[in-house]
Amino acid sequence: MQFDQNEPIEFPIEEILDKDKLYLRLHVNNIDNSEPDLKKRIKPIAFDPKPEGSSELSTDWSKYSNPLKSRLLARKPEQNGIVSFMAFDIRNGHFPLQVHHKPEITNRSHSIVFDVPPNRKSDIGFRMKLRDLSSWEIHCNDPLENTHDSDV
Amino acid sequence: MPGSYPKSKTSFEGYIKEVSSYKRLNWLPINEQVEGILYAAGPTFSHFHLHGVREGIQLRSYIFNDNTIGNLPDELSFLFEDFNKSLYILNLKDDWDDEGAKGYEEITWISAIKFLINYSKSLYRDFNIRIASPKIYHGPKGSIDIIWETENYRLVVNIEKEGNKAMFYADNYNDQIVEGSFHIDNFVKNLLPIALKF
């Protein structure tokens with residue numbers, strides 16, 4: 001069987017375990033640096049799905065990524081920070097959400113948190129609860145480090 | 001000159017000159033014309049004794065682009081600083097997040113500020129309640145988030161794009177939650193959670 005080296009590889013969909021982490025990029029414009037509390041520093045809009053109207057929040061799975069690699073996927077990495085969630089917490093939180101692996105050709109770690117509003121009447125509670133579950137991995141003003149984007 | 005209020009339960013207009021003796025008394029509701037000389041009073045009392053010269057409640061105007069958005073009594077003018085901090089929202093242009101997010105409309109921001117002015121003023125005037133200082137941030141889909149976070153609870157009011165409707169959410173950081181929606185121009189403030197200033 002011949003393989004076309006130019007043909008993009010489709011990664012298989014895998015199961016994300018409860019113990020795994022998910023990384024979310026936060027743009028510097030979604031951070032209030034005047035707020036002393038590190039978690040309250042995150043403006044709730046940071047947890048709004050993109051593009052507008054979508055019900056899926058894009059994240060990177062820790063099995064195939066890490067905070068640094070996730071940050072480097074941003075258009076302007078130096079303008080982004082990274083927070084993490086435990087898959088268990090998202091699945092078992094007050095607003096239970098689903099977490100699924102949805103690999104992309106250019107990003108095997110890509111995963112989604114979904115069942116997010118606009119199905120619900122309001123998305124405010126969802127955004128606040130996700131903020132509660134988040135943990136800082138890289139702050140927006142942390143300097144970029146040299147890293148090799150090695151294959152996984 | 002003694003002032004007097006009709007004892008009838010239906011009529012309640014009166015005239016008093018000395019305000020400072022009364023402005024802290026919760027049983028004296030003050031109607032919209034507080035900056036004038038007309039006060040409305042409830043039917044639970046029949047007359048006041050007047051003395052001295054009326055001192056009006058000082059009001060400060062919040063002005064944006066040469067237009068007055070609203071005014072607040074001195075005791076609530078600390079909110080102006082919060083309004084000013086939120087002006088950054090109007091500087092968020094399209095693609096402000098490097099992922100194609102849209103900018104924000106002035107009308108939405110003005111609506112959020114007007115809501116805060118009217119809401120805080122009515123709570124202070126009618127119940128002698130001073131709301132806490134809020135954080136005013138850009139929200140999803142062109143909306144504005146108004147957030148109060150205290151040690152024990154948080155309250156978020158989201159003013160939708162173009163500023164006609166709003167949603168609110170409040171919790172105790174745990175499983176006590178209340179949420180709902182209302183129209184900016186027509187709502188019953190008693191049905192909204194209140195962010196008290198301690």
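Labels below follow one simple rule: chain letters A, B, ... track the order of the sequence lines, proteins then strands, and each chain is numbered from 1. Quick caveat, the model's predicted, so the values are computed rather than measured.
Using bins of under 30°, 30° to 60° and over 60° for the plane-to-plane angle, the ring pair A:W61/A:Y64 lands in the perpendicular bin. Between B:Y88 and B:H138, the two ring planes are perpendicular [angle over 60°; tilted spans 30° to 60°]. Taking the six-membered ring for Trp and thresholds of 30 and 60 degrees, B:Y62 and B:W109 have ring planes inclined between 30 and 60 degrees apart.
Annotation: maximal heavy-atom pairing with chain A below 4.5 Å, among B:G100, B:A101, B:G139, occurs at B:G139. Residue with the most contacts toward chain A among B:G142, B:S143, B:P140, B:A170: B:P140 (heavy-atom pairs, distance under 4.5 Å).
Residue A:N29 touches chain B through both its backbone and its side chain, counting heavy-atom pairs closer than 4.5 Å. Proximity to chain A (any heavy atom under 4.5 Å) is shown, for B:D98, by both the backbone and the side chain. In this structure, chain A has a heavy atom under 4.5 Å from the side chain of B:D145, while its backbone stays farther away. Only the side chain of B:K135 comes within contact range of chain A, judged by heavy atoms closer than 4.5 Å. Neither the backbone nor the side chain of A:R25 comes within contact range of chain B; no heavy atoms are under 4.5 Å apart. Heavy-atom distances place the backbone of B:F168, and not its side chain, under 4.5 Å from chain A.
Taking a cutoff of 4.0 Å between a charged side-chain nitrogen and a carboxylate oxygen, B:K85 and A:D32 do not qualify as a salt bridge.
By the side chain to side chain contact (heavy atoms under 4.5 Å, CB included) test, A:D89 is found to be paired with A:M86, A:L133, residues two or more places apart in sequence or in another chain being considered.
There is a side-chain donor-acceptor pair under 3.5 Å between A:N107 and A:D60.
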